[in-house]
Amino acid sequence: MADTFRSTEGLIDALADAEFDRPPALVSNAHITGLGVARALDAHGVPVIALDRAGGDAGGSAGSDDSGGTVTHDGLAPPSDAVDFAGAVTYPLDDLDGFREDVEAIVDAAGTEAVAFGCMDEWALSYAEADPDGVRLPFAGSDTLDDVLNKSELYATCERLGVPYPETYRLAETAAAGTRDADATVEEAADALGFPLVVKPELKRDFEEAFGTNVIEVADREELADVVAAASEEGIAVMAQKRVDIATGKDHSLASYVPPSGTDDALAVVGNAAVRYPRNFGTSCLVETADEPAIEERALAVLDDAGYHGISESEFVYDADREEFLLLDVNTRPWKWIGMPVAAGANLPMAAYAAVTDATYESDGVEPTRWVYLRDYLSLLAGDDAFWDQLSAADWRRLVSGAFEREGDLTTGVYRPSDPGPAAKLFETEFVDREYYCSC
């Protein structure tokens with residue numbers, strides 16, 4: 001267990017004394033998603049080195065020690081028994097060259113090549129763009145990632161393949177920064193879509209840095225014009241999209257690993273985000289397996305067309321007006337409820353690891369499974385009078401006793417009695433006056 005989160009220098013010193021019988025996994029971030037990936041790999045004996053930025057408030061230098069080679073970090077992965085070492089690296093969005101140098105020094109100290117798992121867009125893209133020596137990537141390169149993550153390219157692919165997606169217009173006012181020609185002016189898009197509507201970027205990384213979010217809902221023409229003008233000033237291409245009348249509880253995603261051999265050999269599970277927190281627009285807190293062959297077929301068609309291989313989540317919402325599922329986004333990396341497909345029998349991280357190492361992995365088949373993130377689920381029960389508990393009395397008994405780890409069809413995002421460190425740290429950090437930089 002990594003009982004401390006070390007500075008870069010402290011981690012390098014610790015790794016110099018370590019021995020590995022197989023390539024370790026570099027898992028970034030070191031929070032909820034990274035924890036899910038670490039547990040999935042640890043179940044097959046893969047050593048895990050969790051890497052993240054330093055500082056409970058997202059500040060701090062990767063190499064600056066508080067004491068004894070450790071630095072502040074509020075992520076939940078390092079206390080896990082599934083994590084062997086944990087430490088800070090330069091945040092790649094601040095300094096990509098510094099990130100590359102840190103990772104290469106860590107791999108050199110470990111004395112063996114490593115396999116990278118980027119658990120948020122910025123980490124996955126940065127591993128691909130930096131391409132550190134000694135690091136194997138179990139996913140496609142940066143050009144392919146950019147094509148999949150680019151909303152203009154994604155929706156053009158959907159149009160060509162006949163995959164339904166929300167009505168969307170690339171805006172002329174920001175076309176100079178875009179990768180495709182505009183479809184409409186602000187006024188034309190407003191006339192076509194009505195209000196409220198949503199503004200989305202082609203590429204969300206720069207937009208998130210500039211606006212603090214990856215989507216903005218606007219109520220009228222004035223708000224739309226203001227957001228588009230601000231995006232234009234930042235040099236960011238945006239599009240106007242119809243605000244979908246989403247049927248609550250019907251969001252579905254394809255969780256998949258596509259190997260280099262292609263989508264015919266994909267390992268995939270459809271998950272239904274049955275409950276979100278907050279209810280209509282938050283992150284998933286109860287997800288269950290679902291039988292929706294059309295979603296699997298459409299998502300794999302898009303991934304195949306893009307030539308993408310690796311782990312991904314293809315997100316669909318159900319449009320009550322059109323009475324069909326619409327492809328909203330594709331995340332080319334693990335995500336918050338990655339533990340659901342793993343528990344269901346599709347260990348996507350291990351399949352990805354095996355593809356670039358001498359390890360082997362084969363799924364024994366997928367079983368019905370539910371995943372719950374208790375922090376958000378309990379907050380919903382306590383704060384939303386309209387929400388009714390979707391877990392049974394037997395589910396709660398298994399959760400409290402820890403029996404859910406051995407029986408039943410329920411797994412969890414953080415809480416596990418057999419690996420108590422992450423849940424204990426969540427209690428410790430929940431009430432401090434600072435916020436971890438990433439909720440996933």
Side-chain angles (χ1 to χ4, degrees), residues 2 6-30 33-34 36-53 62-63 77-78 80 82-92 96-120 122-145 257-261 308-311 332-334 338 347-362:
R6 302 175 186 271
S7 65
T8 308
E9 285 81 359
L11 178 60
I12 290 169
D13 289 344
L15 289 171
D17 296 327
E19 293 184 3
F20 297 97
D21 61 357
R22 66 190 70 186
L26 306 179
V27 177
S28 306
N29 60 17
T33 305
V37 172
R39 284 171 167 170
L41 295 170
D42 178 68
H44 290 265
V46 176
V48 173
I49 302 171
L51 302 178
D52 206 339
R53 63 197 296 188
S80 171
V83 175
D84 296 272
F85 297 91
V89 290
T90 299
Y91 189 47
L96 186 63
D97 289 336
F99 168 72
R100 180 192 301 109
E101 291 170 3
D102 286 351
V103 172
E104 288 179 346
I106 287 165
V107 171
D108 184 63
T112 178
E113 291 191 333
V115 181
F117 288 84
C119 299
M120 298 298 293
E122 66 266 31
W123 292 102
L125 281 166
S126 296
Y127 275 117
E129 291 171 1
D131 193 22
D133 289 342
V135 176
R136 306 178 192 179
L137 300 182
F139 52 87
S142 57
D143 289 345
T144 302
L145 291 181
Y257 170 70
V258 176
S261 58
Y308 177 75
H309 71 270
I311 295 172
T332 52
R333 38 76 178 172
I338 185 69
N347 192 323
L348 307 181
M350 189 58 205
Y353 179 88
V356 295
T357 66
D358 293 334
T360 58
Y361 174 75
E362 185 173 347

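The first residue of the sequence shown is numbered 1, and numbering continues consecutively from there.
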Qualifying residues under side chain to side chain contact (heavy atoms under 4.5 Å, CB included), relative to Thr360, sequence neighbours excluded: none
Less than 4.5 Å apart, side chain to side chain, heavy atoms only: is that true for Leu96 and Ser126? yes
Which heavy atom of Val107 sits nearest to which heavy atom of Ala114, and what is that distance? CG2-CB, 4.2 Å
Residues that Ser28 engages under side chain to side chain contact (heavy atoms under 4.5 Å, CB included), provided they are two or more places apart: Leu51, Trp123, Tyr127
Would you please name every residue forming a side-chain hydrogen bond (donor to acceptor under 3.5 Å, both in side chains) with Glu104, sequence neighbours left out? none
Can you tell me how far apart CG (Leu145) and CZ (Arg333) are? Round to the nearest 0.5 Å. 11.5 Å
Could you go step by step and tell me if Asp52 and Tyr91 meet the side chain to side chain contact (heavy atoms under 4.5 Å, CB included) rule? CA-CA 7 Å; Asp52 206 339; Tyr91 189 47; 5.9 Å; no
Looking only at heavy atoms, what is the nearest atom pair of Ala128 and Gly141, with distance? CB-C, 4.4 Å
I'd like a table of donor-acceptor pairs (distance under 3.5 Å, sequence neighbours excluded) in which one partner is a side-chain atom from residues 131-140, with atom names and distances.
from: Arg136; atom 1: NE; to: Glu113; atom 2: OE1; distance (Å): 2.7
from: Arg136; atom 1: NH1; to: Val356; atom 2: O; distance (Å): 2.7
from: Arg136; atom 1: NH2; to: Glu113; atom 2: OE1; distance (Å): 3.0

Side chains of Phe85 and Ile106 in contact at under 4.5 Å (non-hydrogen atoms): no
Just by modelled atom types, is the Asp102 backbone N or O under 3.5 Å from a matching donor or acceptor in the Thr8 side chain? no
Rounded distance [0.5 Å steps], CE in Met350 versus OH in Tyr257: 11.0 Å
Is the shortest heavy-atom distance from the side chain of Asp84 to the side chain of Pro24 under 4.5 Å? no
Minimum heavy-atom distance Ala86-Ala2, with the two atoms named: N-CB, 3.8 Å
Compare every heavy atom of Cys119 with every heavy atom of Thr33, then report the nearest pair and how far apart it is. CG2-CB, 3.6 Å
Quick one: salt bridge (Lys or Arg N to Asp or Glu O under 4.0 Å) partners of Glu129, sequence neighbours excluded? Arg205
Ile311 and Tyr308 have their tightest heavy-atom pair at O-OH, 2.6 Å
Evaluate the side chain to side chain contact (heavy atoms under 4.5 Å, CB included) criterion for residues Arg22 and Tyr353: first the C-alpha distance (whole Å), next the side-chain angles of each, then the deciding distance (0.1 Å), finally the verdict. CA-CA 11 Å; Arg22 66 190 70 186; Tyr353 179 88; 3.5 Å; yes
Expected output: side-chain Tyr361 to main-chain Asn347 donor-acceptor under 3.5 Å: yes
Which residues share a side-chain hydrogen bond (donor to acceptor under 3.5 Å, both in side chains) with Asp17, sequence neighbours left out: none
Can you check whether Pro259 reaches His309 side chain to side chain, under 4.5 Å on heavy atoms? no
Only distances under 3.5 Å count here; give the side-chain donor-acceptor pairs of residues 38-49 to other protein atoms, sequence neighbours excluded, each with its distance to 0.1 Å.
from: Arg39; atom 1: NE; to: Asp419; atom 2: OD2; distance (Å): 3.0
from: Arg39; atom 1: NH1; to: Val414; atom 2: O; distance (Å): 3.1
from: Arg39; atom 1: NH2; to: Val414; atom 2: O; distance (Å): 3.0
from: Arg39; atom 1: NH2; to: Asp419; atom 2: O; distance (Å): 3.4
from: Arg39; atom 1: NH2; to: Asp419; atom 2: OD2; distance (Å): 3.1

Heavy-atom closest pair, residues Pro23 and Val115: CB-CG2, 4.3 Å
In chain order, what residues pass the side chain to side chain contact (heavy atoms under 4.5 Å, CB included) check against Ala16, with sequence neighbours excluded? none
For Asp97, which residues count as a side chain to side chain contact (heavy atoms under 4.5 Å, CB included) partner, sequence neighbours excluded? Asp95, Arg100
